[in-house]
Asks: 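Take this structure first; my questions come after.
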Amino acid sequence: MTASTTGSAAVPAAARRPSPPRARTRRRSGGMREATPLTYAALVLTLVLSVFPLWWMFVVATRDSAAASARPPSLLPGPNLGLNMERLFANSTANFTTGLMNSLIAATTVAVSVVLFCSLAGFALGKLRFRGRAGFTAAVVVTMAVPVQVGVIPLLMLMEWLGWRGELQAVIVPFMVSGFGVFMMRQYVQQTIPDELLEAARIDGCSTFRIYWSVVLPALRPAMVVLGLLTFMTVWNEFIWALAVLTPANPTVQYSINQLNLSAFSRDFALMFTGAAFATLPLLIIFVVLGRQLVGRIMEGAIKA
Amino acid sequence: MQNLLRPGWRAAIAAAGAGVLLAATACGGGSGEADGEVTLVVDTFGVFGYEELYQRFEEENPGVTIEERNITDLADYTPQLQQNIAAGSGAGDVVAVEEGILVQFLQQADRFVDLNEHGGAELEANFLPWKWEQGHTTDGRLIGLGTDIGSMAMCYNVELFRDAGLPTDREEVGELWPTWEDFIETGQQFQEADTGASFVSTIFPYFNVLKAQEGDHTYQNTEGELVIETNPAVRGSWETVTSMAEAGLSANLPLWSDEWNAGIQNNTFATLPCPAWMLGHIESTAGDAGNGRWDVAAVPGGGGNWGGSFLSVPTQSEHPELAAELAILLSSPEGQLAAWNAANNLPSSEEAIDSADVQEFTRPYFNDAPVGQIYGASARELEPVYFGPDNQAIDDAFRAALESVEQGQASPDEGWQRAAEEAERAAGEG
Amino acid sequence: MTTLDRGGPGAPPGPPPGAGRGRPTTGDDARERRRALAGRLDAKGSPYLFIAPFFLLFGVFGLFPLLYTVWVSLHEWSLIGGNEGFVGLDNYVRLATDGKFWNALYNTIGIFAIAVVPQLLMALLLADLLNRRLRWSGFFRIGLILPYVTSIAAVAIVFGQLFGPQFGMVNYLLELAGVDPVDWRGEKYASWVAIAVMIDWRWTGYNALIYLAAMQAVPRDVYEAAAIDGASRLRQFWQITIPLLRPTIIFTVIIATIGQMQLFTEPAVFGTDGAMNGGTQSQFQTVMMLVYQEAFRYGNYGYGSAIAWMLFLLIVLFSLLNVLVTSRIRSAT
C-alpha cells in the first residue's frame, strides 16, 4: 500500500525509454500554426467545463440545500457559507474537524517521510557504489508498477494485529515510502549533483550521512518540494484504505465527507458541498502555489517518454 | 496472521510506527482519560433522544463526560460497529445494537460485558418479556438491555386520500385494510382516482413489515441457517409486495433518497409504514407546510415491528462498571420515557408504555393523533422475531432486488434469484 | 530500464583523513585504525542503511500483504471465524462461475473503455489546440490541470448530485433540449457514462499536457515537407503527429489501464448506499468494490482475497500485453 498512486502523477518519468531519434531534436516554434478564434473558443469552453463542478460546489456551499435541486439552477453564491460551516463543524456524523486535522497530519507526515526516505535511497542508488546496486534499482522500478492496493485484505489483518485499527497511524505508516519517489530522486541526484562536489566533501572527512544531509539535501530542494506536494495530494485523496481501516469517530477528511454523502435520512446538499469544498481547499492552495511547476513536471516527463 | 512473527516483532513494529507519530496518536478514537476525568463514549444511530439523561448521569458522576457518536443510517452504522467489535478496539463504551444485528453479537458474547454482573439481573420487570429474553444468550448471559421497539402503524396523506375520495378519519382508514389484500385493493382504488400521486413510495418498507408479521424468524433460522427459500414469511412477503409494484401502486422512489424525501414534501405518495420513530422524520422533512397533512392509522395485518434496539457494553471498554451503570440508566423505564418524549421511540418497558406520558400523548402535527395509544396497543400484539446473524447484509440485498423489480429493471423472478444469491454470499454459504 | 551509470565515480573510500600526518604514538595509531575502520564501515554500510527504510517499509506494508493475499485466498477465512482451514483452489473455482465477479469485471473494463477512448481523443485534440502560437498559453495549461488537483471523493459527490435522477442538472439540461431524463444510477450503460465523465473530467487535461510535450518534440521540418507535398492539416495530424506520438499514447494507455482496473472511489461515492453494491443490480460495481464488499461488508476474507488476486493477475496480464504491443510497434518503426 506504499504510496504508489503518486506514480500516476509521474507517469512519464517512469517511461524514460529511448524514443525515435528524430523526436529528440527539438526546435523553437518556428513554423507553428496560428491560433484561430475557434481555438480560443474551444479552449475557453474546456476551461469552463473544468471549473464548473468546482464553482457549483462553491455555489451550493454558500446557499441552502434547496439550491441544489432548484430549477433553473442558481449559479451565483449566496449568503449561507458561515451558517453551513457552523453546521458542518458541529455535525456529529461527519466529525469533520477531526477528519480535517487527521488528513493534515497524515498527509504532512507522509510527505515529509517520503521525501526523506526517498531522497536517502535515491542518493544511495544514484551516487554511491555498492554491491547489488543495479539489482536494488531494478527492484525499485518494479515496485512502481505493482498495484499494491490489491493487498488491502491482509494489510487490514496486519493493522488489526498491530492494534492500529481505527488509529491514525494506520493511514500513515503504510504510505511512508514510494518507489516513484526513490526513482524520481535518483534521477534528480544524478542530473544535478556533480561527483566533484561529493568527492570534495569526502576529502574533507564528511561521513556519508553528513554528505547527504549537508550537500545532497540542499541541492535536491526543488525536486523535494514537488515530490512532497504530490505525495500530500495522494494521501489527502486516499479513500478505499481509509474507508476500510478507520472508523467514523476518527476519520480522514474524505471519509468524513462520505459520511455526509451516506447520511441517508435526508442528504443535506448544502452540508455535503461545504464539506466537499473544504476537502478540496488545501489542494487548491497547492495548485495556486505549484500550478506552474506541476505543468512543467508533467511536460518534462513526457518528453523523455 | 497470529503465528507469522514473534510477539517481540509486533511490539517493535508497533512502537516504530507509534514513535513516528506521537503527535498523531493523541487523536485516536475510544475513551480517553486525563487526571481522573473519564469520558464515556456512546455509539448510536438514528435518533435516541438521550441528551437530558447524559446530563443527569454527568451530574451524578462528577468527572464523567459523555460523548455521543451518532450515525444516521443503520446500514452504515452496523458494519462499522461489527468491525470495531471484531477488532477489539474503536467501539464506544456503550453501544446501541439494533435487533437485526443482536443475534450475531450473542454469538460473540465474550466480547460483551455480562450485565448480570453489574446489577442487570434485577431489571427483568422493566421490560416486555420477549424483549428481555432477546437480550440473553442461550447460557443466560445478559448482553443487551432493551430500549425501544418498532411497533407499527400506517401513516397516510389526508389530502391525497380526500382527493381520491377515500375516507380520511383514522378509524375509518384503519377499517379499509384489515388485511394486505384489502390494502392492495384500496391502493388500486386510489390509483384509479388518478390524483397524480402513487399509493406507496417504494415497496421495500412494506416487505419489512410483512415478513416481521408473518413469522418468528426471517432470512435465517435460530441455527443461523439460511432459509429464505423455505420460509413462507420471506417468500410470501416478497410476492405480496412485488404484486403491489405490478399493480402500479409504487412511486419507485428508493427509501431515504432525495427524491423520496421530496416526495414527502410534495404529496408524491399516499401511505408509508410508520414505526414510532418515523413520525419525527416526516415532521422534519415536510416542515411547516405539511402540518396536518399526515395522519396515523392501524397497519394491515395487525401489529408488526420495524426496528428496535438494545444497549450493550463491549468488554473493550476501559470503564465497564461505569458504562454498565450508564446503560442501565438509559434503558430504565424512566430513561425510555425520556427517549419517548424526546424522539417518540416507543418504550419496551410495560410500565413506561402504560404511563400517562405515553397513553395520553398526542401529536399535533398529525392532527392530534393519539400516537401513544396507537403504538402502545400495537406493542402488546407484538411477537418477537428472530433475526439471524447476517440479517443486515441480506436485508441490503433484498432491498436492492426489490428496487430493481419496482423500477422495471428485473422481473420478480430475476430479482428473487439475485437476492437469494447475494444472501448466500452474505451468509458465507456461497 | 536499468540504465545505471556504472561509469559514475560513486564515492570511493579515499584514504582516511589525516593518514599522511604520521603521528608516531601508538595511541594515535589505534585511533587512526579506528577511523580507517569507521570510514570503511561507513562506505560499505551506509548505502545499505540508506536504502533500508524503503525496502523494509515496502516489504512489510506493500509486498507482504500482496503475497499474503494468495495465502488467504487458499483458505476459508472470515472476519468472525478467522482461518477456518485450507481449501486449495476452491475460492478460485467459485470465482470462475460467479456471475457477480464477471459482471464486476465487465463493468470495470467497460467503464475503462468508454472513459479512456474519448479521453485520449479529447486530450489529443486539446494538445493540438495548445500546440499553436497562442496567447495566454501558460494560463490555459494551468487551467487544464485544475481538475487533476482536486479531491476525488469531493468531486464525486458533486457529480453524484449533477447526475441525480429528478433534481440533477444534467437531466435538467437534457429536458431543456427536449430529451427524456436519464436514470443515471439505474440504467447500466448510463451509469457507466456518468462515471466515465467523472474520470475524464479529471484526466483529460493532464493527458493533453503529456501529448503537448510530445508534439512539441516533433521537428517542424517534417510538417513543412508535408505541407509542400500538399498534405492538409488534418492529414498531417493523422499521418505525422499521431504515428510519432504512438509510444506516448500507448504509454498513457498502460498507465490508465493500471489505474482504472482498480477503479473504486468514483463509483463507490456515486452509489450512495454505502453497501458497495454499485446500484440495485450492481450496474456499476467494479472489481475493487466487489473486493471491498466481500471482505469488509460480508467478512469473507478468503473469497475476497481470491478476487483481489485475480484482479492483480489481470492487471499484470494487461500490462504485459501492452508492453508487448508497444515493443512490436517500436520495432516496426
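Numbered from 1 within each chain, the chains take letters A, B, ... in sequence-line order.
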Asks: Please rank A:V140, A:V51, A:V60 by heavy-atom pairs under 4.5 Å with chain C and give me the top one.
Replies: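 Of A:V140, A:V51, A:V60, A:V140 has the most heavy-atom pairs under 4.5 Å with chain C.
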Asks: Tell me which of these, A:W236, A:F278, A:F117, A:F123, has more heavy-atom pairs under 4.5 Å with chain C than the rest.
Replies: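 Heavy-atom pairs under 4.5 Å are most numerous for A:F117.
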Asks: As an exercise: rank C:S46, C:A256, C:A38 by heavy-atom pairs under 4.5 Å with chain A and give me the winner.
Replies: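 Sorted descending by pairs with chain A, the first entry is C:S46.
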Asks: For the residue pair C:F50 and A:F209, does the interplanar ring angle fall in the parallel (under 30°), tilted (30 to 60°) or perpendicular (over 60°) class?
Replies: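 Ring orientation, 0 to 90° scale: perpendicular.
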Asks: For A:P72, is it the side chain, the backbone, both, or neither that has a heavy atom closer than 4.5 Å to a heavy atom of chain C?
Replies: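 Interface part for A:P72: both.
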Asks: Quick one: are A:L54 and C:V158 in side-chain contact, heavy atoms under 4.5 Å?
Replies: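 Result no, sub-4.5 Å side-chain heavy-atom pair not found.
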Asks: Atom CD1 of C:I258 and atom CE of A:M144: how far apart are they, to the nearest 0.5 Å?
Replies: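 C:I258 CD1 to A:M144 CE: 10.0 Å, rounded to 0.5 Å.
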Asks: Quick one: what part of C:E294 sits under 4.5 Å from any heavy atom of chain A, side chain, backbone, both or neither?
Replies: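 Looking at C:E294, nothing touches chain A.
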Asks: Sort out for me which of C:G45, C:P53, C:G160, C:A52 touches chain A most, counting heavy-atom pairs under 4.5 Å.
Replies: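 If we count pairs closer than 4.5 Å to chain A, C:P53 comes out on top.
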Asks: With no hydrogens and no angle check, is any side-chain donor or acceptor of A:Q149 less than 3.5 Å from a backbone partner on C:Q262?
Replies: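 Not at all, since once roles are kept as given, no pair shorter than 3.5 Å links the two residues.
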Asks: With chain C as the partner, which of A:I257, A:L43, A:T36 has the greatest number of non-hydrogen pairs under 4.5 Å?
Replies: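 Of A:I257, A:L43, A:T36, A:L43 has the most heavy-atom pairs under 4.5 Å with chain C.
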Asks: Can you tell which part of C:M276 gets under 4.5 Å to a heavy atom of chain A, answering side chain, backbone, both or neither?
Replies: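 Side chain only.
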Asks: What's the verdict on side-chain contact (heavy atoms from CB on, under 4.5 Å) for A:L120 and C:F54, showing C-alpha distance, side-chain angles and the deciding distance?
Replies: CA-CA 9 Å; A:L120 208 54; C:F54 171 79; over 6 Å; no
Asks: Find the one option among C:L66, C:L67, C:L129 whose heavy-atom pairs under 4.5 Å with chain A are most numerous.
Replies: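 That would be C:L129.
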Asks: May I ask you to decide if A:L49's main-chain N or O and C:W201's side chain share a donor-acceptor pair within less than 3.5 Å?
Replies: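 Between the backbone of A:L49 and the side chain of C:W201 there is a qualifying donor-acceptor contact (under 3.5 Å).
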Asks: Just so I understand: if I count every heavy-atom pair under 4.5 Å between each of A:L281, A:N237, A:L284 and chain C, which residue has the most?
Replies: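 Of the options given, most contacts go to A:N237.
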Asks: Between A:L116, A:L283, A:T208, which has the largest tally of heavy atom pairs under 4.5 Å with chain C?
Replies: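 Most heavy-atom pairs within the cutoff with chain C belong to A:T208.
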Asks: A:Y212 versus chain C, heavy atoms under 4.5 Å apart: side chain, backbone, both or neither?
Replies: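 The side chain, not the backbone.
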Asks: In terms of ring plane angle, is the pair A:Y40 and C:W136 parallel, tilted or perpendicular, where the classes change at 30° and 60°?
Replies: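 Because their plane-to-plane angle is over 60°, the rings of A:Y40 and C:W136 count as perpendicular.
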Asks: Within the structure provided, determine whether A:L243 and C:F296 are in side-chain contact (heavy-atom separation under 4.5 Å).
Replies: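 No, every pair of side-chain atoms sits at 4.5 Å or beyond.
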Asks: Taking every heavy-atom pair that is under 4.5 Å apart, which of C:G164, C:S305, C:A295 has the most such pairs with chain A?
Replies: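 Maximum pair count with chain A is reached by C:S305.
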Asks: Checking heavy atoms, do the side chain of C:L162, its backbone, both or neither come under 4.5 Å from chain A?
Replies: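 Interface part for C:L162: side chain.
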Asks: Would you mind telling me which of C:F312, C:Y292, C:W309 has the largest number of heavy-atom pairs within less than 4.5 Å of chain A?
Replies: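 Highest number of pairs under 4.5 Å: C:Y292.
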Asks: Of the backbone (N, CA, C, O) and the side chain (C-beta and beyond), which part of C:P47 lies under 4.5 Å from a heavy atom of chain A, both, or neither?
Replies: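 Interface part for C:P47: both.
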Asks: Can you tell if the side chain of C:M288 reaches within under 4.5 Å of the side chain of A:V152, non-hydrogen atoms only?
Replies: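 In contact.
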Asks: Quick one, A:T46 with C:F140, criterion side-chain contact (heavy atoms from CB on, under 4.5 Å). Give me CA distance, side-chain angles, the key distance, then yes/no.
Replies: CA-CA 9 Å; A:T46 311; C:F140 283 125; over 6 Å; no
Asks: Looking at C:V269, is its backbone amide N or carbonyl O close enough to the side chain of A:N261 to form a donor-acceptor pair, meaning the two atoms are under 3.5 Å apart?
Replies: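 A pair under 3.5 Å: yes.
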Asks: Would you call A:R210-C:D42 a salt bridge at under 4.0 Å N-O?
Replies: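 C:D42 and A:R210: not salt-bridged.
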Asks: Is there a side-chain contact between C:F61 and A:M159 in this structure, where contact means two heavy atoms from C-beta onward sitting under 4.5 Å apart?
Replies: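 Yes, close enough: below the 4.5 Å cut-off.
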Asks: Tell me, for C:Y172 versus chain A, whether the close heavy atoms (under 4.5 Å) come from the side chain, the backbone, both or neither.
Replies: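 When you check distances to chain A, atoms from both the backbone and side chain of C:Y172 fall under 4.5 Å.
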Asks: Against chain A, label C:R202 side chain, backbone, both or neither, depending on which of its atoms sit under 4.5 Å from a heavy atom there.
Replies: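 Only the side chain of C:R202 comes within 4.5 Å of chain A.
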Asks: Chain A: which of C:L56, C:L144, C:L146, C:T265 shares the most heavy-atom pairs with it under 4.5 Å?
Replies: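 Among C:L56, C:L144, C:L146, C:T265, the one with the most close pairs to chain A is C:L146.
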Asks: Could you tell me which portion of A:T39 (side chain, backbone, both or neither) has an atom closer than 4.5 angstrom to a non-hydrogen atom of chain C?
Replies: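 Both backbone and side chain.
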Asks: So which atom in C:P65 and which in A:P154 form the shortest heavy-atom distance, rounded to 0.1 Å?
Replies: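 In this case the closest contact between C:P65 and A:P154 is O-CG, 3.2 Å.
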Asks: Within the 4.5 Å heavy-atom criterion, are A:V148 and C:F58 side-chain neighbours or not?
Replies: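 Yes, side chains in contact.
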Asks: Does any part of the side chain of A:L158, heavy atoms only, come nearer than 4.5 Å to the side chain of C:V60, both counted from C-beta?
Replies: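 Side-chain contact under 4.5 Å: yes.
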Asks: Should the pair A:F136 and C:Y48 be assigned to parallel (<30°), tilted (30 to 60°) or perpendicular (>60°) ring geometry?
Replies: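 Perpendicular: the ring planes of A:F136 and C:Y48 meet at over 60°.
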Asks: Heavy-atom cut-off 4.5 Å, strictly under: side chain, backbone, both or neither for A:V182 against chain C?
Replies: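 Only the side chain of A:V182 comes within 4.5 Å of chain C.
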Asks: Can you check whether C:T69 reaches A:I153 side chain to side chain, under 4.5 Å on heavy atoms?
Replies: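 Contact flag for C:T69/A:I153 side chains = no.
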Asks: Relative to chain C, which segment of A:F273 carries a heavy atom at a distance below 4.5 Å: side chain, backbone, both, or neither?
Replies: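 When you check distances to chain C, only side chain atoms of A:F273 fall under 4.5 Å.
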Asks: Among A:A68, A:A42, A:A277, A:A70, which residue has the highest count of heavy-atom pairs closer than 4.5 Å to chain C?
Replies: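 Of A:A68, A:A42, A:A277, A:A70, A:A68 has the most heavy-atom pairs under 4.5 Å with chain C.
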Asks: Is there a side-chain contact between C:Q216 and A:M299 in this structure, where contact means two heavy atoms from C-beta onward sitting under 4.5 Å apart?
Replies: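 Side chain of C:Q216 against side chain of A:M299, heavy atoms only: contact under 4.5 Å found.
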Asks: Is A:F269 close to chain C through its backbone or its side chain, or both, or neither, when contacts mean heavy atoms under 4.5 Å?
Replies: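 For A:F269, the contact with chain C is made by the side chain alone.
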